[in-house]
Colleague: 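Next up is a structure, given as structure tokens.
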Amino acid sequence: MKIQVLHIEDCPNWQEAGDRVRLVLDSIGRGDVPVEFVLIRTEAEAVSSGFAGSPTILLDGQDLFPSQGNTSDLACRVYLTERGFAGAPTVGQLERTLQEREALSGDRS
């Protein structure tokens, strides 16, 4: 399992998103999985990385929260949460999504 948080330098939400991912991984018994932070600096990096706005959370190269598509814009991303729009998914959303993906893959590596 490989987790990456893609972000731009000016995004105010990437650290919180990463902290939430770490919290969820620890709570589901996957404390062994590192969270990698990837700074997106150029439009070319955005296009080649699967970037969909900052922060984009990838699991094995796939967006945990697929949207209308990737972007070359170096911009912030919004997530629809139970409380409305936010700059990062909630802990609950991350937990559900990670558990679903792990169950589908059956992969514990």
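Side chains included, hydrogens not; waters and symmetry mates left out as well; all remaining heavy atoms used.
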Colleague: Identify the heavy atoms of I8 and L39 that sit nearest to each other, and give their distance.
Modeller: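 Taking I8 first and L39 second, the nearest heavy atoms are C-CD1, 3.7 Å.
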Colleague: Locate the shortest heavy-atom distance separating R101 from L64; write the atom from each residue and the value.
Modeller: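 That closest heavy-atom pairing would be NH2-O, 3.5 Å.
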Colleague: Tell me every residue that passes salt bridge (charged side-chain N to carboxylate O under 4.0 Å, His left out) with R96, counting only those two or more places apart in sequence or in another chain.
Modeller: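 Residues passing salt bridge (charged side-chain N to carboxylate O under 4.0 Å, His left out) with R96: E82.
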Colleague: For the atom pair OG1 (T42) and CG (L74), what is the distance rounded to the nearest 0.5 Å?
Modeller: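 Nearest 0.5 Å value for the OG1-CG distance: 7.0 Å.
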Colleague: Taking all non-hydrogen atoms of both residues into account, name the closest pair between A17 and A88 and its distance.
Modeller: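 In this case the closest contact between A17 and A88 is CB-CB, 4.0 Å.
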Colleague: Return the minimal non-hydrogen interatomic distance between F85 and V78, and the atom names on each side.
Modeller: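 Minimum heavy-atom separation between F85 and V78: CD2-CG2, 4.2 Å.
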Colleague: Are the side chain of R20 and the backbone N or O of P89 linked by a donor-acceptor pair below 3.5 Å?
Modeller: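 Yes, because the side chain of R20 sits within donor-acceptor range (under 3.5 Å) of the backbone of P89.
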Colleague: Applying side-chain hydrogen bond (donor to acceptor under 3.5 Å, both in side chains), can you list everything that pairs with D26, at least two apart in sequence or on another chain?
Modeller: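 For D26 the side-chain hydrogen bond (donor to acceptor under 3.5 Å, both in side chains) partners, ignoring immediate neighbours, are R22.
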Colleague: Restricting to non-hydrogen atoms, name the atom on H7 and the atom on S54 that form the minimum distance, rounded to 0.1 Å.
Modeller: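 For H7 versus S54, the nearest heavy atoms are CA-OG, 3.1 Å.
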Colleague: Nearest 0.5 angstrom please: F65 CZ to L80 CG, how far?
Modeller: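 F65 atom CZ to L80 atom CG measures 11.0 Å (nearest 0.5 Å).
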Colleague: List the residues meeting side-chain hydrogen bond (donor to acceptor under 3.5 Å, both in side chains) with E43, not counting sequence neighbours, and say none if there are none.
Modeller: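 E43 satisfies side-chain hydrogen bond (donor to acceptor under 3.5 Å, both in side chains) with no other residue.
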Colleague: Roughly how far, to the nearest 0.5 Å, is CZ of F51 from CD of E45?
Modeller: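 Rounded to the nearest 0.5 Å, the CD-CZ separation comes out at 10.0 Å.
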Colleague: Quick check: does any side chain N or O of T97 sit under 3.5 Å from a backbone N or O of L94, one acting as donor and the other as acceptor?
Modeller: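 Side chain of T97 to backbone of L94, a donor-acceptor pair under 3.5 Å: no, none is there.
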Colleague: Taking atom CG of L6 and atom CG of L58, what is their separation to the nearest 0.5 Å?
Modeller: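 With rounding to 0.5 Å, CG (L6) is 4.5 Å from CG (L58).
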Colleague: Could you tell me whether a side-chain N or O of D60 sits under 3.5 Å from a main-chain N or O of K2, the two making a donor and an acceptor?
Modeller: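 Yes, the answer is positive, given that a donor and an acceptor are paired below the 3.5 Å cut-off.
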Colleague: Check whether any side-chain heavy atom of L98 lies under 4.5 Å from a side-chain heavy atom of R30, and answer yes or no.
Modeller: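 They are not in contact (no side-chain heavy atoms under 4.5 Å apart), so the answer is no.
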Colleague: Minimum heavy-atom separation for T56 to Y79, with atom names?
Modeller: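 Smallest heavy-atom distance, with atoms named: CA-OH, 3.9 Å.
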Colleague: Taking atom CG of D10 and atom SG of C76, what is their separation to the nearest 0.5 Å?
Modeller: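 SG of C76 is found 8.0 Å from CG of D10.
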Colleague: Output the distance between atom CG (N13) and atom CG (D19), rounded to the nearest 0.5 Å.
Modeller: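 With rounding to 0.5 Å, CG (N13) is 11.5 Å from CG (D19).
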Colleague: Take V38 and S49 through the side chain to side chain contact (heavy atoms under 4.5 Å, CB included) test and state the conclusion after the steps.
Modeller: CA-CA 9 Å; V38 179; S49 65; 5.9 Å; no
